[in-house]
Novice: 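Sharing a structure below in structure tokens format, with a few things to ask.
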Amino acid sequence: MTLRRPPLAGVYEGASLTDFGGWEMPVEFDSIRAEHTAVREAVGKFDVSHMGQVTVSGPDALELTQRLTTNDVAELAPGDAQYAGITDEDGRLIDDTVVYRLPAVSDDDYLFVPNAGHDGEMTERWASHLDRWGLAATVTNRTEEYAMIAVQGPDAETLLGAETALALGSLGRFEVASGAVAGVDALVARTGYTGEAGFEILCPAADAAAVWTALDCQPCGLGARDTLRLEMGFLLSGEEFHHRDEPRTPYEADIGWTVALDTEFVGRDALAAQARDGVDERLVGLELLDRGVPRHGYAVTDTEGEALGHVTSGTMSPTLGVPIALAYLPTEYAEPERSVEVVIRGEPKEARTRATPFIDR
């Protein structure tokens with residue numbers, strides 16, 4: 001299968017590339033550690049154009065998006081954004097997303113960002129439910145039209161502020177504004193996936209190189225993006241949930257705060273029952289106390305060797321210098337400091353449960 005190439009593909013110099021969600025994306029420019037440290041201590045930039053961009057407009061755009069996401073879209077004023085799940089009738093996560101209510105100057109009402117490779121599926125989901133429910137809205141997959149650049153780190157505001165007249169200091173977390181960046185019309189949102197202060201910039205694909213080049217800082221790949229998000233305990237589609245291979249609800253995935261049960265959405269009744277009855281397993285943090293690095297799929301047992309669950313993601317934390325992981329375990333193991341073991345190549349390694357995020361941000 002031919003991989004999709006982001007609009008910035010011709011701009012990279014020296015990046016190692018990988019297939020991610022059907023896209024050919026940079027995984028590393030210099031080293032994961034150097035890129036990770038740049039974001040934690042200064043600023044780094046990421047090409048995240050592989051994330052989907054789908055707009056929804058028209059008289060029923062709010063109702064359609066409200067009924068297909070778990071959070072309360074009606075709470076959004078123009079220029080607001082929110083994190084939400086997209087669930088099936090049984091309340092299982094199909095995807096997670098950020099929904100933007102676009103500033104009034106935009107021709108569209110809402111923009112939501114599905115995960116890489118999900119843009120076609122989610123556009124079809126919105127369009128098919130639009131017809132099923134007899135609503136009036138226009139759903140457009142704009143993933144090929146836009147580039148998306150994330151600028152993350154404590155110096156992000158200073159760096160980006162030199163390239164835009166937008167009042168970045170007054171742009172609150174999960175707010176989005178419209179304005180020029182490096183002379184290119186763009187949407188600038190105070191959102192991100194690293195736990196650091198920073199911004200995500202949406203601009204026309206044809207003009208993305210000008211924005212990328214103007215933001216003179218450490219380029220970062222998906223490798224650093226993964227270690228940064230893991231230190232924060234953020235979910236990754238395909239790892240912490242997958243509709244077929246890792247079917248999980250928002251409560252199991254520890255994002256129950258995104259579920260607005262006082263709204264009507266697909267999966268609402270199943271999730272209301274789970275909110276009432278509780279869940280058997282939950283995503284928890286782990287720290288390995290022995291040598292080794294926990295990886296996706298490794299078994300987790302109690303100290304007697306009885307199976308408890310499995311690791312979904314793991315890494316050697318560049319910030320902490322210790323191995324960390326996320327794993328689904330019985331809820332009685334959700335509290336910190338429970339002793340468990342992670343089985344690495346047949347050998348049990350001592351570990352303990354940890355609260356997330358692993359770092360203080």
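All values derive from a computational prediction rather than experimental measurement.
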Novice: Below 4.5 Å, heavy atoms only, C-beta onward: do Leu222 and Pro26 meet side chain to side chain?
Specialist: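 A side-chain contact under 4.5 Å is absent here.
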Novice: Could you check whether Arg67 makes a cation-pi contact with Trp133, meaning its NZ or CZ is under 6.0 Å from the centre of the six-membered ring and within 45° of the ring axis?
Specialist: yes
Novice: In Å and rounded to the nearest 0.5 Å, what is the SG to CG distance from Cys220 to Asp30?
Specialist: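 Here the rounded value is 8.5 Å.
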Novice: What distance do Cys217 atom SG and Leu160 atom CG have between them, rounded to the nearest 0.5 Å?
Specialist: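 Rounded to the nearest 0.5 Å, the SG-CG separation comes out at 10.0 Å.
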Novice: Please report the C-alpha distance between Val54 and Val139 in whole Å, then the side-chain angles of each, then the deciding distance to 0.1 Å, and finally whether the side chain to side chain contact (heavy atoms under 4.5 Å, CB included) criterion is met.
Specialist: CA-CA 7 Å; Val54 181; Val139 182; 3.8 Å; yes
Novice: Quick one, Thr55 with Arg142, criterion side-chain hydrogen bond (donor to acceptor under 3.5 Å, both in side chains). Give me CA distance, side-chain angles, the key distance, then yes/no.
Specialist: CA-CA 7 Å; Thr55 56; Arg142 299 191 184 278; 2.8 Å; yes
Novice: Out of curiosity, Glu252 CD to Glu240 CD, how far, rounded to the nearest 0.5 Å?
Specialist: 13.0 Å
Novice: If you compare all heavy atoms of Gly267 against all heavy atoms of Thr87, which two are closest, and at what distance to 0.1 Å?
Specialist: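 Reported closest heavy-atom pair: CA-OG1, 4.2 Å.
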Novice: Taking Asp109 for the side chain and Gly58 for the main chain, is one N or O donor matched with an acceptor at less than 3.5 Å?
Specialist: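 Yes; judged by distance alone, with no hydrogens or angles, the pair exists.
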Novice: Would you kindly confirm whether Leu215 and Leu8 end up in one hydrophobic cluster when ILVMFWY residues are joined by side chain heavy atoms under 4.5 Å apart?
Specialist: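 Result: yes, single cluster for both.
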Novice: Strictly distance-based, threshold 3.5 Å: is any side-chain N or O of Thr65 a donor or acceptor partner for the main-chain N or O of Leu62?
Specialist: no
Novice: So, Asp80 and Arg101, do they make that salt bridge, N to O below 4.0 Å?
Specialist: no
Novice: Hey, could you give me the CE/OG1 distance between Met148 and Thr143, rounded to the nearest 0.5 Å?
Specialist: 10.5 Å
Novice: Look at the side chain of Arg361 and the backbone N and O of Gly195, then say whether any donor-acceptor pair between them is shorter than 3.5 Å.
Specialist: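 Absent.
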Novice: Give a yes or no on this: more than 12 heavy atoms of other residues, nucleotides or ligands lie within 6.0 Å of atom CD of Glu332.
Specialist: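 Yes.
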Novice: Can you list the steps and then say if Leu68 with Phe112 is a side chain to side chain contact (heavy atoms under 4.5 Å, CB included)?
Specialist: CA-CA 11 Å; Leu68 288 172; Phe112 71 97; over 6 Å; no
Novice: Taking Thr312 for its side chain and Leu326 for its backbone only, find out whether a donor-acceptor pair lies under 3.5 Å.
Specialist: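 Answer holds: yes.
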Novice: Any Lys/Arg nitrogen of Arg4 or Asp119 sitting under 4.0 Å from an Asp/Glu carboxylate oxygen of the other?
Specialist: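 Result for this pair is yes, salt bridge flagged.
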Novice: Before giving the answer on side chain to side chain contact (heavy atoms under 4.5 Å, CB included), spell out for Tyr146 and Leu187 the whole-Å C-alpha distance, their side-chain angles and the decisive distance to 0.1 Å.
Specialist: CA-CA 10 Å; Tyr146 289 130; Leu187 290 169; 5.8 Å; no
Novice: Does the side chain of Pro219 come within less than 4.5 Å of Trp212's, by heavy atoms?
Specialist: yes
Novice: Would you compute the distance between atom NZ of Lys349 and atom CG of Leu286 and round it to the nearest 0.5 angstrom?
Specialist: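 Reported value, rounded in 0.5 Å steps: 15.0 Å.
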Novice: With side-chain hydrogen bond (donor to acceptor under 3.5 Å, both in side chains) as the test, would you mind laying out the steps for Thr191 and Glu200 before giving the verdict?
Specialist: CA-CA 6 Å; Thr191 51; Glu200 293 178 310; 2.5 Å; yes
Novice: So, for Tyr298 and His310, is the gap between ring centers shorter than 6.0 Å?
Specialist: no
Novice: Are any of the side-chain nitrogens in Glu246 or Arg248 under 4.0 Å away from the carboxylate oxygens of its partner?
Specialist: yes
Novice: Taking the side chain from Thr258 and the backbone from Asn71, do they hold a donor-acceptor pair closer than 3.5 Å?
Specialist: no
Novice: Would you call the rings of Phe234 and Tyr193 parallel, tilted or perpendicular, taking 30° and 60° as the class edges?
Specialist: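 Judged by the thresholds at 30° and 60°, the geometry between Phe234 and Tyr193 is parallel.
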Novice: Between Glu231 and Arg40, is there a side-chain N and carboxylate O pair less than 4.0 Å apart?
Specialist: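 Result for this pair is yes, salt bridge flagged.
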Novice: Any donor and acceptor pair, going by atom type alone, linking the side chain of Asp88 with main-chain N or O of Arg92 inside 3.5 Å?
Specialist: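 A pair under 3.5 Å: yes.
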Novice: With the 4.5 Å side-chain cut-off for hydrophobic clustering, are Phe199 and Val113 part of the same group?
Specialist: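 Result: no, two separate clusters.
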Novice: Transitively linked via ILVMFWY side-chain contacts under 4.5 Å: Val73 with Leu102?
Specialist: no
Novice: Tell me, do Asp108 and Val56 make a side-chain contact under 4.5 Å, heavy atoms counted?
Specialist: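 In short, these two side chains do not touch, never coming nearer than 4.5 Å.
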Novice: Can you find a pair of side-chain heavy atoms, one from His118 and one from Ile86, that are under 4.5 Å apart?
Specialist: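 No, side chains not in contact.
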Novice: Going only through I, L, V, M, F, W and Y residues with side-chain contacts under 4.5 Å, is there a path from Val311 to Phe358?
Specialist: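 Result: no, two separate clusters.
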Novice: Between Ile344 and Tyr328, is there a shared hydrophobic cluster once you connect ILVMFWY residues whose side-chain heavy atoms come closer than 4.5 Å?
Specialist: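 No, because Ile344 and Tyr328 fall into different hydrophobic clusters, even though each may have its own neighbours under 4.5 Å.
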Novice: Okay, side chain of Thr164, backbone of Gly161: is any donor-acceptor separation there less than 3.5 Å?
Specialist: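 Not at all, since once roles are kept as given, no pair shorter than 3.5 Å links the two residues.
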Novice: Could Arg338 and Asp302 be called an ion pair, given the rule that one side-chain N must be under 4.0 Å from one carboxylate O?
Specialist: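 Here Arg338 does not pair with Asp302 in a salt bridge, since their nearest N and O are not under 4.0 Å apart.
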Novice: Do the side chains of Arg33 and Glu35 get close enough for a salt bridge, i.e. N-O under 4.0 angstrom?
Specialist: no
Novice: Counting only N and O atoms by type, is there a donor-acceptor contact under 3.5 Å from the side chain of Thr301 to the main-chain atoms of Leu308?
Specialist: no
Novice: Do Ser106 side-chain atoms and Pro103 backbone N/O form a donor-acceptor pair below 3.5 Å?
Specialist: no
Novice: With a 3.5 Å distance limit and no angle check, can you tell me whether Thr249 reaches the backbone of Gly91 through a side-chain donor-acceptor pair?
Specialist: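 No, because the side chain of Thr249 does not come within donor-acceptor range (under 3.5 Å) of the backbone of Gly91.
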Novice: Roughly how far, to the nearest 0.5 Å, is NE2 of His243 from CD1 of Ile94?
Specialist: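 With rounding to 0.5 Å, CD1 (Ile94) is 4.5 Å from NE2 (His243).
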Novice: Is any NZ, NE, NH1 or NH2 atom of the basic residue among Glu175 and Arg190 found under 4.0 Å from an Asp or Glu carboxylate oxygen of the other?
Specialist: no
Novice: Do Thr319 and His36 have side-chain N/O donor and acceptor atoms under 3.5 Å apart?
Specialist: yes
